[in-house]
Amino acid sequence: MSREAPAVAPPSFAGPSRDGSRVPFELFTRADVFAREQEAIFRGPVWNYVALEAELPEPCDFKTSFVGDTPIIVSRAEDGSLHAFVNRCAHRGATVQRQACGNARQHRCVYHQWAYNARGELVGVPYRRGVPGMGGYAADFDPKAHGLARLRVASHKGVIFASFGPDTAPLEDYLDEPLVAAIDRLFSRPVKVLGHMRQRVRGNWKLYSENTRDPYHAALLHGFHATFGLYRTNQKRKGGSDRARAHSTGVTFGDDWRQASQSANIGQDKFVTNYSLADPTLLEGRPDFNDGVTVSITSIFPCLVIQQIMNTLATRHIRPKAADEFELYWTYFGYQDDDEQMTACRLKQANLVGPAGLISMEDSEAIELIQRAIVRDGHEDSFLEFGGLPADLDQDRQGEATIRAFWRYYAGLMGLA
Amino acid sequence: MSREAPAVAPPSFAGPSRDGSRVPFELFTRADVFAREQEAIFRGPVWNYVALEAELPEPCDFKTSFVGDTPIIVSRAEDGSLHAFVNRCAHRGATVQRQACGNARQHRCVYHQWAYNARGELVGVPYRRGVPGMGGYAADFDPKAHGLARLRVASHKGVIFASFGPDTAPLEDYLDEPLVAAIDRLFSRPVKVLGHMRQRVRGNWKLYSENTRDPYHAALLHGFHATFGLYRTNQKRKGGSDRARAHSTGVTFGDDWRQASQSANIGQDKFVTNYSLADPTLLEGRPDFNDGVTVSITSIFPCLVIQQIMNTLATRHIRPKAADEFELYWTYFGYQDDDEQMTACRLKQANLVGPAGLISMEDSEAIELIQRAIVRDGHEDSFLEFGGLPADLDQDRQGEATIRAFWRYYAGLMGLA
Amino acid sequence: MSREAPAVAPPSFAGPSRDGSRVPFELFTRADVFAREQEAIFRGPVWNYVALEAELPEPCDFKTSFVGDTPIIVSRAEDGSLHAFVNRCAHRGATVQRQACGNARQHRCVYHQWAYNARGELVGVPYRRGVPGMGGYAADFDPKAHGLARLRVASHKGVIFASFGPDTAPLEDYLDEPLVAAIDRLFSRPVKVLGHMRQRVRGNWKLYSENTRDPYHAALLHGFHATFGLYRTNQKRKGGSDRARAHSTGVTFGDDWRQASQSANIGQDKFVTNYSLADPTLLEGRPDFNDGVTVSITSIFPCLVIQQIMNTLATRHIRPKAADEFELYWTYFGYQDDDEQMTACRLKQANLVGPAGLISMEDSEAIELIQRAIVRDGHEDSFLEFGGLPADLDQDRQGEATIRAFWRYYAGLMGLA
Amino acid sequence: MTGMANQAYDAIRALEYRYARLLDEDRLEEWPKLFVERGVYKVIPRENLDRQPALAIFFCDSQAMMVDRVKSLREANVYNFHYSRHVVSNIEILSARDGIFEVAACYTVYQTDLEGQTRLFSVGQYRDVITNGAGELRFREKIAVCDTFNIPNLLAIPL
Amino acid sequence: MTGMANQAYDAIRALEYRYARLLDEDRLEEWPKLFVERGVYKVIPRENLDRQPALAIFFCDSQAMMVDRVKSLREANVYNFHYSRHVVSNIEILSARDGIFEVAACYTVYQTDLEGQTRLFSVGQYRDVITNGAGELRFREKIAVCDTFNIPNLLAIPL
Amino acid sequence: MTGMANQAYDAIRALEYRYARLLDEDRLEEWPKLFVERGVYKVIPRENLDRQPALAIFFCDSQAMMVDRVKSLREANVYNFHYSRHVVSNIEILSARDGIFEVAACYTVYQTDLEGQTRLFSVGQYRDVITNGAGELRFREKIAVCDTFNIPNLLAIPL
Ligand code: FES
Ligand code: FES
Ligand code: FES
Ligand SMILES: [Fe+3]
Ligand SMILES: [Fe+3]
Ligand SMILES: [Fe+3]
């Protein structure tokens, strides 16, 4: 029930520099920044990833998820339509659906058994007409006014997004062509979920947004390839983004890793060793596509990453929990027409990614290393000039450009521009 | 030592609606609301339950307790009189009494051995007259000015209350007739404490205050009776409250549960099963009273609940710890003239209540379900119109009326009315 | 990187009374007080203890430490000079040095491999000149502008201090003669570190600063000596401090403890027992000095204590973590010319001090007892009049005088005077 | 230990571990079967021990009562969904007479919520009386004394 | 238990404890040697168990692959410095046939950071297949099922 | 394991558990009796191990010194009231020669305050030397190496 709209106070904190090349550390540490993000971003004109349709294929299938730190339910109605609503009872605020996922024609709150249908509409109110000694609800009680708070929902190729914003642009416009294409590429065939991975990182969620838009760290932080001689000097990269530069997508073309032999020269001695894998079956995959792309990373503002790394396919849902903590929720999938061997290959390559991933475990560590170091000096800045800064920001395409663009978009939504 | 009175800032948060039917969720989540409650309510013109006389029968018996989140000592002086004082040394603030309970003619602070008597008066100060190289206290040092901060104490039929308020109304006026009667009924005979139960609930203390004033949830959340066919359709209820509607008391008349047979029809299919107890001895009790009352629940503002459920007798002390956490402290008792069999019966029926209670465990879960769901939307409201809303609030007696009255009283004390 | 200096807001909290005899409890509990201390004190015109030279004897030895709660690196350069800098990468803020101590010609950040030398200067930036598809840094990129934030460093007799303050007085002036003398006495001979002890105390760091300046509690809180008849009635004390009274040093002359026999009369019955040690070897030491001093405690503002208790020698570094938590970090040392027997003696006497110390374990308990009790009544005061209060504060030398002086100095730095 | 005592110990340990695993695998219906028919199971907060008889928060003095408790958990009660993990350690036979063993052990119980986060739920001591019933060892009495006498939220699954 | 079974149990317990100690003493290079050549080691989040084959976050189906993992941890990967402590308890032999033992146990793993603070890192169950290889017992299969399926930060050292 | 070794193991386990229970039942006066007269007990923070001799925070090299420590705890020292729970696991005999056993084990110690809330207090490893004294096994040496070398508040009761 709402009486008044939340008043969004003017920010008492500094924002990024206009070009996005300087970001005050306090944006990663302050509770009031985090609270404002929940209103201005996650409740704002953005599309938030919430689930894959493959996770709720049948009528009345549901899955609980989050938009920012607000718990929601994603649900498929009897007619197959998709819905999302806040998982908070319209009566006195209890969590309605306590299961992580399942199939339910009704979502019933345990406290007083108010029941909601698969669209979040109130369909059952015990004692509504009253009982001796307690009375019921007034005659003018209107169940329609007491449903669960609904979000708009849009799905593209089975990737489901939700938005609190009344005027959020249509999903395809919000994503824009290059991102739509990136999704189309991976979701052209029906997918099947193989499982999930979760990690709790003691760092600010935006540090992960930066990380997935950061080409600078790849070969420097992640040593697996170079150590095992899997680094390719001859690889080609291609990137793209939307008009607003909120999102980013990039692919890497490359030979099969097993053919690589040269260890990387990355201007430092960390990875000079040149082992080869004692058990090379780890990397024995089969191309899923004929375009020669071995790696594709797509970051969609605010909280989605979609990956293809060799035969590993996954969405990563960044779930902010507090200024200094987020959950990274991986939904690992394959294609419905995968044969047993292909599934086995994907399960084995899962070694590469996730919380124990041979080529990914470093990211969360780097983020925690930052969060620990910025406990003070909130007015000091992160320095993002790698790639250089052209006068015309539309030409800003090199190095950390994608991160700078992220911050410019962020500043706009937060009223910090 | 005090130099200035704490300045109570005007609230920066919204209050309940005038009729108490709408309560912003932020009242359950904000730290500043919690801090203000400590001053305006627990330090205000209310009587706070702190202990039972049966817990400190002898001269110099003491028990540590809390008023809000302030640690206090409840003590019986040599002459048998009751006293309460803050458990914080007047010298440099250390906790003075570290034991939970016991018998002590002096309460001695371990840090510099200042000693206080059973009335909280300072009676020992080492080196007061000085020692070489350290000096002592000035000649005008007045021990009377350095006792432990005292609270007013009042006991009704062995139930001890304390108040920080200088002008809190006399206890019996504060309680008012129906509440006094409820206490008189249970404490007419001398009681003996059988033990304690504690649970830590990750929820706001007021969610429990609402819960114990909420007839709506009883048969809907708690399934034990219906499941085992112990629900009585023919039971009668009677309720009462004080002038100010701060408190509430209610009794249920009913046959012995074992004679019940019909499963409940509560407008939903949750409890259609109709087991009977494989071991009915659980419910084989003996009426403690001849009034046919099987259940009596009395809620006294701000933090006391007194229960009789069959032969289970207990006080429940709600101990707020933070905006999102409270301890529920049960003092389980019987009567001094109970024979062994009666004591055995009470010990067995303890199965019904407390943190593992067959008919009570759901309450703390419901509260945690709310606290988790209201992390956002602090300006959204809890909806309390069950029972209908008469134009004349004095006639507001149905459904959630007692909760609405709680909020109106709360708003008055908090300056939110 | 810095764009603007942090704006230090005017305090919204009360300070100590002018004479330092009244201290509001909220100075021990409020997060904003703690944050302001980090700026006004630890980043102010003070010298912060950070390490002993004996912990980094060789070129390129380093040790990570803290100034307030800011992580820093203390390092010895190739030429033997000492340096200190913030352990936060100038690129995007990651913790640079992850080890507790070691030897490193370069400190390399794992995230993008920026490398800093033993002076904290930036000496390595991967891809600085650019690589295809990422570019590099602009031609005018100046590594000198991107070193780790440096602190001033000064060492007296191997005790290393660091300061953020541009105009902090020279170390010896800051310490002043009596404190310099106290350090000279213990560090006249080259020391060797024997190990460390750490304890995490759930209390405010200033409660420990008070504790080490508090002669009042010694015989009253710590019962070991009296219990085992080790209390000396004939001992003499001598104290000193700096001009500003920020620091304090005191020594106790006394016979060898084993010759003592009388149990203390400390105005209460706690320690009347009169055991003698079943294994007296605990106290069989050899005087380290010929001055008859058995105990020497030196407290240097803000966060250093240096102790000699019999043959136990240690620095104690108070490391604030939050308003209600600090770490006490002990560096236990002996002299390089100690023979095996002397080392064995120091290792055995370590029983006396540290987190399990027979004569020291009580201090952290007393502090936690205070922190727990002052959860409310932030405007109430700690009462510090022991020793009396002369009209002329320069003559304030008795009892808790040293603590009062601490608060007057603190108030000055905090802008609360 | 003699070979006999040794075998007794191993059998008792097996019973204790089986007890824990049944609960962690949510096989509640099998839990009462580990007790003799008149078996006693209690959960007693440590702070209540000084009063005798001590107040328990969970009390069964018959297998039938345990069956009722399980039924209630399955059909009636609402409690926090979680995975439980019962770790049993420090198993000691304090006395053995006529095939009746007094056994002490430490327990540590963890709860993991549906987001996969684990918390320490309860620590304490088992005080068991174990006897030979129908060819296998069973609990005549199992008292879980909670060090953690301040129950986090609620106690549904037996300790 | 018979004397034989008894000796088998003791040998299995010794293997489980040795496994834990090698990891806690940072002797990672010896870890693969506790498995047979085609040995399997997996870490499976408990929430993935309902799907078969279950998705693991750490997967080795050969000794060689374990060797690669250890090499990667030593040479390539960056992870939080810490001391680990693997506590193994509730060891049960669920079946024994032809010298192949199905074993269940509880594990509790703690991590202590460089400031000396310890946190509970992971709780769960080992599901092992142990067999006699070259005169000593080895793991043919070791599945660590994590109750704590929300991994704090990251998982580097095997559970 | 042979039957002999087996019995030795069981006796050592019994000693370790007895040690833990005496402390948890606050029978401190009996604690020194589990050591030989010249027995050694030390608590060593793990970060001090690289320096030898390592600095201990709790050091006794005789039964008498342990008696003094207990007396001090009873009569002189002020420390946080709590219930302690010592869980001993992963007990391994590393060597056995002439009736002298080198034993390693993991310990986990919990503290529960007077409000009934439990916290993990210390995790680490026991490094024991156990020998046959006066017909029963006793500790010649017991070193508690703390992973948790940052002691929460203080250490009063032996680990
Ligand atoms: S809170 Fe959901 S029905 Fe009452
Ligand atoms: S603080 Fe209580 S006597 Fe000093
Ligand atoms: S954060 Fe340190 S190199 Fe990028
Ligand atoms: Fe990365
Ligand atoms: Fe209820
Ligand atoms: Fe002291």
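Every chain is numbered from 1 and lettered A, B, ... according to where its sequence line falls, protein lines coming before strand lines. Bear in mind that the values here come from a model prediction, so they are computed numbers and not experimental data.
For residues 344-351 of chain A, heavy-atom neighbours of chain E at less than 4.5 Å comprise A:Leu347, A:Lys348, A:Ala350, A:Asn351, sorted by residue number. Using non-hydrogen atoms only and a strict 4.5 Å limit, the part of residues 362-372 of chain A facing chain E consists of A:Glu362, A:Ser364, A:Glu365, A:Glu368. Using a 4.5 Å heavy-atom cut-off against chain A, no residue of residues 97-112 of chain E qualifies as contacting.
Ranked by heavy-atom pairs shorter than 4.5 Å toward chain A, the options E:Asn48, E:Leu154, E:Asn150, E:Leu155 are led by E:Asn150. For chain A, the option among E:Asn153, E:Ile151, E:Ile57 with the highest count of heavy-atom pairs below 4.5 Å is E:Asn153. When each of E:Met65, E:Met66, E:Gln63 is scored by its heavy-atom pairs under 4.5 Å with chain A, the top score falls to E:Met65.
E:Gln52 places a side-chain N or O within donor-acceptor distance of the main-chain N or O of E:Ala54, the cut-off being under 3.5 Å. Using modelled atom types, one side-chain atom of A:Glu55 and one backbone atom of A:Leu52 make a donor-acceptor pair closer than 3.5 Å. Remark: side-chain polar atoms of E:Asn77 are paired, donor with acceptor, to backbone N or O of A:Leu358 under 3.5 angstrom. Checking side-chain atoms of E:Glu30 against main-chain N and O of E:Pro32 turns up no donor-acceptor pair under 3.5 Å. Judged by distance alone, with hydrogens and angles left aside, the side-chain atoms of A:Arg76 form a donor-acceptor pair with the main-chain N or O of A:Leu56 at under 3.5 Å.
Shown here for A:Ser360 and A:Gly354, the closest heavy-atom pair between the two residues is OG-O, 2.8 Å. Among all heavy-atom pairs drawn from E:Phe121 and E:Thr148, the shortest one is O-CG2, 3.6 Å. Across A:Thr212 and A:Arg316, no two heavy atoms sit closer than the pair CG2-NH1, 4.0 Å.
Looking at E:Glu75 and A:Tyr275, their side chains do bring a donor and an acceptor atom within 3.5 Å of each other. A:Asn87 and A:Thr64 share no side-chain donor-acceptor pair at under 3.5 Å.
Interatomic distance, CZ of E:Arg69 versus CZ of E:Phe58, reported as 4.0 Å (0.5 Å rounding). Separation of atoms CZ (E:Arg21) and CG (E:Asp24) is listed at 9.5 Å; rounding is to 0.5 Å.
Two rings, from A:Tyr329 and A:Tyr49, have their centers 6.0 Å or more apart.
Only the side chain of E:Asp61 comes within contact range of chain A, judged by heavy atoms closer than 4.5 Å. Contacts between E:Asp68 and chain A at a heavy-atom distance below 4.5 Å involve backbone atoms as well as side-chain atoms.
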**OP:** Give the C-alpha distance, both sets of side-chain angles, the deciding distance and a yes or no for ring pair (Phe, Tyr, Trp, His ring centres under 6.0 Å) between A:Phe66 and A:Phe326.
**Re:** CA-CA 12 Å; A:Phe66 291 89; A:Phe326 69 90; over 10 Å; no

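Contacts of A:Glu327 classified as salt bridge (charged side-chain N to carboxylate O under 4.0 Å, His left out), with partners at least two apart in sequence or in another chain: A:Arg198, A:Arg200, A:Arg319.
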